[in-house]
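Okay, structure first, notes after.
All of these numbers come straight from a predicted model, not from anything done at the bench.
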Amino acid sequence: MPRIIPFCFFATALAAVTFFSGCTLPFQSSDGDGSGYTFTFSIDSNPKTLDPQSATDSASMTIIRNLYEGLFEMDEEGNLQYAAAKSVAVSSDGLVYTVMLNDDHYWYYDKNGDDVIDDGETWSLTAADYVYAFQRMFNPETQSPYRETFACLENAQAIIDGTADYTEIGVRAVSDTQLQFILDYANTRFLSLLSTTAAMPCSEKFFQQTKGRYGLDQSSVASCGAFYLRLWFYDSYGSDNLIYMRRNSANTDARSVYPTELTVHIRNSQQSVADDLTSSESDLIMTSIYSTDYENEDNYVVNESEATTLGLIFNPNSNVFSNQKIRRALSIGIDRSSIGENSDGDLTGTSGIIAPAVYWNGTNYRESYPETVITYDEATAVQYMQVGMAELGIESLDSTKILMCRTLMDCENLHDIIQTWQDIFGFYIGIEEVTESEYWERISDGDYTIAVYGITGSSNDPASVLEQFASGNVFQYVDEEVDQQIIALGKCQTDSELLEQCAALEQEILNDDWFIPIFYKKQYCIASAGNTDLNFDPFAQTLNLRSAKYFG
């Protein structure tokens, strides 16, 4: 798909920004074009909700990506592309965004379940549906986690503070096809935010008909995207849990939809998902588990992306590891040049937080801002350790264990690091490997001393990576100065200002050593041979299979 030119602000009062997209042609099926296939894939948990304004888990967002149509989409290099929108104009002060919508997108709800579009089962997707989505987002009753994400919108903070009504949020329908966003302050990330699932539309009349069940079962979901929901079956005690979607023919004239159906198996772990591919139960999977079996080019196509940074986090209630000198000693005591050598390329050593796969408007972040290398230095590490122990009034450290689970990485790759620490510091650190569910429960409960933890953004955006360090995160990192700098990222007016502030904030977090980066970790979309054009987002861990093709 062709790249879109970067967004920019013009000096004129309103200037159109032109997009180029290769996926807006009417759908045409012909022999040999890869269309008409039923794709089968697996997800590792039951979606919590198919309400775009509420969903946060990757299982939910993957299904939402295939059911709904947002204004924009983002490619793997951070470039925005048109979806339901066809043009956008931005005021010279960056406070008014005027979006023109295509007039050939429709909602579809198969009321009688006959898989045929009957009278009354379709209605136009309009600007009012996006307005209502944002009003729902800011309605306190929705309890949406995305209100702060869009705090730049006019009246957003007043609504959050309870001094304005949610209907006053700065989103207006000028007409059925003209949508206007008014901001309280300029935010160069705003169009990028509009590509997220949270900004997808909501039909008010359909929402009201669901009577509080919106997005919670198959009868409470209407589609305005590539596919519609035909079946959503889940029994926590059963094994035949699945979601079944069919091509939404109401929208194939607007944008090509290649698959005929999508069958989604609902599993209970990443390992079960991986097993589905090797047993041919699935055509493709998203996974962080790497196997050398996937290297067989005749059987599999591997889409890999260094999108996650694995590092060590520390329990903030630990007396010993609350000492910054001791944390710094551990960091300097890691030889990152040699770690991950036995991981078949799955892991590479790092001193940075923002992973190599992160782009911003076509610019690779790490190429523009290379990581500051943390040099392995045994003597300096011992010095820091001695100073830290002196500050605590102790002569040695008690043995402890690093909490981890196999879906993050193979624990064998930690052994060299631990052995080096034992050699230079003289104390024992072991590994406690637990199941994925126990891992997350213990991280949330603070039931660990040291843990391996993965940092990745919610989207392909360096700021979204750093937002993981905002107060309220699951690993209980709190720093008021970092919070203020994260807020400032949402007020940058230019791309260069955003990137420079991201670089400064990344270094600020690194200087504190509460998160010690060790590895860049790859995320994978692995497909059986013959599958192409799989739109895989390694950050949100989602798939959009509108353009997926199969050549058997």
N155 (side chain) donor-acceptor with A158 (main chain) under 3.5 angstrom: no
Results of ring-ring contact (aromatic ring centres under 6.0 Å, His included) for F515 - residues two or more places apart only: F469
Set of residues satisfying side chain to side chain contact (heavy atoms under 4.5 Å, CB included) with respect to S528, sequence neighbours excluded: D283, N531
Which residues share a side chain to side chain donor-acceptor pair (under 3.5 Å) with D275, sequence neighbours left out: Q271
For Y37, ring-ring contact (aromatic ring centres under 6.0 Å, His included) partners two or more places apart: F39, Y550
Contacts of type side chain to side chain contact (heavy atoms under 4.5 Å, CB included), residue S437, not counting sequence neighbours: T435
Listed partners of T126 passing side chain to side chain donor-acceptor pair (under 3.5 Å), at least two apart: none
Non-neighbouring partners of F206 that pass ring-ring contact (aromatic ring centres under 6.0 Å, His included), sequence neighbours left out: Y109
Qualifying residues under side chain to side chain contact (heavy atoms under 4.5 Å, CB included), relative to K549, sequence neighbours excluded: Y258, T532, D533, S547, F551
Where at least one partner belongs to residues 143-164, residue pairs that pass ring pair (Phe, Tyr, Trp, His ring centres under 6.0 Å), sequence neighbours excluded: F134-F150
Residues that A156 engages under side chain to side chain contact (heavy atoms under 4.5 Å, CB included), provided they are two or more places apart: F138, L153, I169
Residue pairs, two or more places apart or on separate chains, that pass side-chain hydrogen bond (donor to acceptor under 3.5 Å, both in side chains) and touch residues 167-178: D165-T167
All ring-ring contact (aromatic ring centres under 6.0 Å, His included) counterparts of Y359, not counting sequence neighbours: none
